[in-house]
Amino acid sequence: MKESQTELHQPSTEKRTQFDAVIVGAGFAGMCMLHKLREMGFTAKVYEAGGNVGGTWYWNRYPGARCDVPSLQYSYQFSEELQQEWQWTERYSSQPEILRYANHVADRFGLRKDIQFNTRVESVILDESSRNWTVTTDRGDKATARFCIMATGCLSSQNMPKFPGLADFKGEWHHTGHWPHEGVNFAGKRVGVIGTGSTGIQAIPMIAQQAKHLFVFQRTPQYSVPARNNPLDKTEEARIKADYKGYRSRNNKNPFAQDFSLPTANTFDVSEEERLQHYEACWEKGGLGMMLAYADSGTNLTANQTVSEFVKGKIRHIVKDPAVAELLMPDHIYACKRPCLDTHYFDTYNRPNVTLVDIRGEGLERITPQGILAKGQEYELDCIVFATGFDAMTGSLNRINIRGKGNLALKDKWMEGPRAYLGLSSAGFPNLFTITGPGSPSVLANMIPAIEQHVNWIGGCLEYMRTHKFQSIEATAEAEDPWLVQVQAAASATLWNACDNWYLGANVPGKPRVFMPYVDWVGYVAKCEAVVKNSYEGFLLQ
Ligand code: N01
């Protein structure tokens with residue numbers, strides 16, 4: 001089905017409605033939660049700012065957008081029929097294919113009738129006497145519900161730095177996270193890309209193929225490993241689909257909820273020759289496995305340096321101009337910033353129509369009416385692409401006026417960094433759940449299984465409350481505080497909090513520097529199960 005056919009611009013007719021639950025967001029989390037609640041016989045309403053389902057995959061339509069978790073794993077498992085019938089075409093799905101999948105799910109399970117599109121939730125306010133949440137939107141809707149479930153996504157709120165002069169720029173500009181539906185024609189244009197994270201690394205090779213000239217403004221060089229995307233191997237697909245349930249269940253017991261298990265050997269247990277052969281094999285295989293090459297790759301600095309040196313050697317080998325290659329050398333710990341996967345990223349710098357502009361340290365001076373001023377030189381541009389990432393994990397929650405007990409705003413409670421128990425619930429906000437919220441593995445796990453784990457946990461919790469006639473549930477401060485300590489301790493055992501990355505909020509000026517995702521997926525799932533077994537230990541049920 002073509003997207004335009006499914007876009008819904010229905011007028012908002014409901015002025016006040018009571019539901020069992022309101023869900024904010026119709027990305028993969030919101031759709032799955034809606035399906036779950038309906039199966040359980042609850043009434044639910046979803047508000048979605050976008051014109052259709054898909055969440056971050058609805059907005060991030062930039063050229064080259066693609067998932068870097070294999071398609072057969074980055075998909076729902078709640079329906080055996082769905083996972084058997086849907087056929088992915090590539091090892092790593094492209095954004096259009098993921099969006100087609102999201103639309104297929106919405107159609108197959110009739111989800112749209114409970115989703116109101118083009119509607120942004122502005123406030124979510126607790127009425128302490130009735131114990132209901134009132135949700136208001138930018139279109140004048142007012143809905144009340146016992147439960148409010150924030151399915152607002154971890155990487156959905158754009159980070160758009162305040163570059164001086166942007167308002168006077170005479171050309172066109174776009175943020176990758178809010179890409180025009182009709183696409184952008186770069187042919188014959190001088191294009192500037194700011195940002196070389198996962199997004200920039202995917203978009204740059206594609207834009208370079210079209211643009212007259214591409215200038216890449218690089219503040220921090222990144223490591224990247226070839227994705228090695230290919231048409232999906234049908235034999236592999238048949239093997240997995242023959243026992244999809246077993247495959248999912250095995251992956252669930254792996255780090256990151258993916259089809260790779262931790263090696264037992266440490267880096268220096270093997271000879272240098274063997275180690276290099278192994279890195280070469282990881283490089284040839286492609287994908288995210290390089291960060292787990294050895295058991296201590298992500299925890300031991302000296303071990304980690306052997307990975308970074310290997311990848312740097314590859315950059316030197318691929319990039320023909322040694323001066324450009326040196327500018328592309330990362331100087332941070334490998335995988336401390338989220339590792340990137342690419343298709344011909346470093347090769348792109350061999351093209352005559354591509355110039356790398358190193359803005360390390362100083363950053364950009366300003367945007368001028370004609371282009372970008374950096375290091376005293378003006379680069380004339382017709383188009384600027386901001387691949388500057390996201391206000392991750394807390395951004396989309398903090399943009400909504402969420403007020404709990406005592407009229408406390410969640411944003412104020414989180415002034416020094418997010419405080420939540422298990423990333424599911426925050427003390428003082430009864431019956432408000434966050435799917436893949438800060439303090440849960442979320443972005444450090446395969447997102448769709450992580451979403452489903454939360455959806456199932458919340459569903460189980462609501463069932464428990466219904467059976468035992470509880471009216472409200474919230475995390476206790478006594479459980480929240482030690483959990484925060486545990487989240488920080490888990491990160492400290494890795495090298496991931498040793499550089500400026502978005503896990504720490506370091507990419508957004510002024511954001512508190514707190515490591516937000518929980519590192520240990522397997523331990524986390526066990527902890528959630530133990531909490532349930534112990535009658536929702538750490539939660540106050542009333
Ligand atoms: O964002 P990023 P992203 N001046 O924050 C630069 C997921 N994802 O959208 O490193 C100049 O990583 C910034 O520089 P620096 C994935 O989890 C997944 O690329 O802060 N430059 C950096 O180079 C990923 O990690 C997929 O110094 C500025 C870039 O902009 C996450 O999304 C695909 C700047 C931002 O990189 C975010 O990736 C895409 C400034 N003022 C994304 N501000 C797949 O599944 C920022 N930058 C494949």
Side-chain angles (χ1 to χ4, degrees), residues 28 55-57 59-71 73-74 90-95 98 153-164 166 175-179 192-204 216-225 227 229 256 258 286-288 291 328 330-332 335-343 345 356-367 372 374-375 384-393 395 436 442-448 450 496 499-511 516-517:
F28 279 93
T56 198
W57 296 106
W59 298 105
N60 283 264
R61 297 162 185 252
Y62 60 85
R66 187 178 289 287
C67 187
D68 58 12
V69 174
S71 317
Q73 298 172 55
Y74 191 84
E90 295 174 273
R91 179 183 180 193
Y92 298 103
S93 305
S94 65
Q95 175 272 337
I98 296 173
C154 295
L155 295 164
S156 48
S157 189
Q158 296 162 43
N159 172 38
M160 184 60 200
K162 292 185 174 55
F163 292 107
L166 179 59
H175 191 286
T176 46
H178 200 146
W179 202 254
V193 172
I194 303 171
T196 51
S198 297
T199 300
I201 281 177
Q202 288 185 330
I204 285 163
V216 177
F217 296 86
Q218 173 194 261
R219 186 166 74 175
T220 304
Q222 250 287 29
Y223 300 97
S224 184
V225 167
N229 185 40
F256 311 105
Q258 282 196 50
L288 290 167
M291 68 177 173
L328 287 164
D331 56 12
H332 54 274
C336 179
K337 283 175 179 278
R338 162 72 152 70
C340 302
L341 298 187
D342 71 274
T343 302
Y345 173 66
L356 179 64
V357 184
D358 182 44
I359 55 165
R360 212 183 302 213
E362 303 101 287
L364 297 177
E365 276 170 59
R366 61 180 294 107
I367 293 174
I372 289 178
K375 290 195 166 172
I384 303 177
V385 173
F386 296 95
T388 45
F390 302 92
D391 182 354
M393 304 207 66
T436 62
S442 54
V443 293
L444 292 179
N446 179 358
M447 279 308 298
I448 298 191
W496 292 338
C499 72
D500 289 339
N501 57 36
W502 56 258
Y503 304 139
L504 278 161
N507 62 327
V508 178
K511 192 166 171 172
M516 294 179 284

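In listed order, ligands and their atoms are each counted from 1.
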Practice problem: Give the ring-plane orientation class for Y62 versus W179, where under 30° counts as parallel, over 60° as perpendicular and anything between as tilted. | Solution: perpendicular
Quiz item: For atom 21 (N) of ligand 1, which candidate among T176, I194, N507, D391 holds the nearest heavy atom?
Solution: I194
Exercise. Work out whether the distance between some heavy atom of K337 and some atom of ligand 1 is less than 4.0 Å.
Key: yes
Quiz item: Looking only at heavy atoms, what is the nearest atom pair of G195 and I204, with distance?
Solution: O-CD1, 4.1 Å
Self-check item: Per atom 14 (O) of ligand 1, closest listed option by heavy atom (R66, Q202, R219)
Solution: R219
Quiz item: Does E365 use its side chain to pair, donor to acceptor, with the backbone of K375 at less than 3.5 Å?
Solution: yes
Practice problem: Specify whether H178 and W59 have parallel, tilted or perpendicular ring planes, treating 30° as the upper limit for parallel and 60° as the lower limit for perpendicular. | Solution: perpendicular
Quiz item: Side chain of S93, backbone of S71: donor and acceptor closer than 3.5 Å?
Solution: no
Self-check item: Gap separating the CG atom of L444 from the SG atom of C154, nearest 0.5 angstrom
Solution: 9.5 Å
Quiz item: Do any heavy atoms of F217 fall under 4.0 Å from ligand 1?
Solution: no
Self-check item: Structural part of D68 in contact with ligand 1, heavy atom criterion under 4.0 angstrom
Solution: both
Quiz item: Under a heavy-atom criterion of less than 4.0 Å, does Y74 contact ligand 1?
Solution: no
Exercise. Return yes when V443 approaches ligand 1 closer than 4.0 angstrom through a heavy atom, no otherwise.
Key: no
Quiz item: Just by modelled atom types, is the Q73 backbone N or O under 3.5 Å from a matching donor or acceptor in the N446 side chain?
Solution: yes
Quiz prompt | Closest candidate by heavy atom, reference atom 22 (C) of ligand 1, pool T56, T196, T220, N60 | solution = T196
Quiz prompt | ligand 1 N/O within reach of Y62 N/O, cut-off under 3.5 Å | solution = no
Self-check item: Option among T199, I201, V225, D68 that satisfies the side-chain contact (heavy atoms from CB on, under 4.5 Å) test with C340
Solution: I201
Quiz item: Does A387 approach ligand 1 within less than 4.0 angstrom via side chain, backbone, both or neither, non-hydrogen atoms only?
Solution: backbone
Quiz item: Got the closest protein heavy atom to atom 6 (C) of ligand 1, with its distance?
Solution: G195 CA, 3.7 Å
Exercise. Measure the distance from atom 32 (O) of ligand 1 to every protein heavy atom, then report the residue, atom name and distance (to 0.1 Å) of the closest one.
Key: L155 CD1, 3.5 Å
Quiz prompt | Option set W502, Y92, W57, criterion heavy-atom distance to atom 17 (O) of ligand 1, minimum | solution = W502
Self-check item: Which of the ligand 1 atoms, numbered from 1, are nearer than 4.0 Å to a heavy atom of F390
Solution: 9 (O), 32 (O), 37 (C)
Quiz item: Do any N or O atoms from the side chain of R66 and from the backbone of Y92 form a donor-acceptor pair under 3.5 angstrom?
Solution: yes
Quiz item: With a cut-off of 4.0 Å, which atoms of ligand 1 are near a heavy atom of F163?
Solution: 4 (N), 40 (C), 41 (N)
Quiz prompt | ligand 1-proximal atoms of S198, by part, heavy-atom distance under 4.0 Å | solution = both
Exercise. Tell me which protein heavy atom sits closest to atom 3 (P) of ligand 1, plus the residue, atom name and distance to 0.1 Å.
Key: T199 OG1, 3.3 Å
Quiz item: Looking only at atom types and distance, does a side-chain atom of Q95 sit under 3.5 Å from a main-chain N or O of W57, one as donor and one as acceptor?
Solution: yes
Exercise. May I ask whether G363 has any heavy atom positioned less than 4.0 angstrom from an atom of ligand 1?
Key: no
Quiz item: Out of Q158, H175, R219, which residue meets the side chain to side chain donor-acceptor pair (under 3.5 Å) rule with T388?
Solution: H175
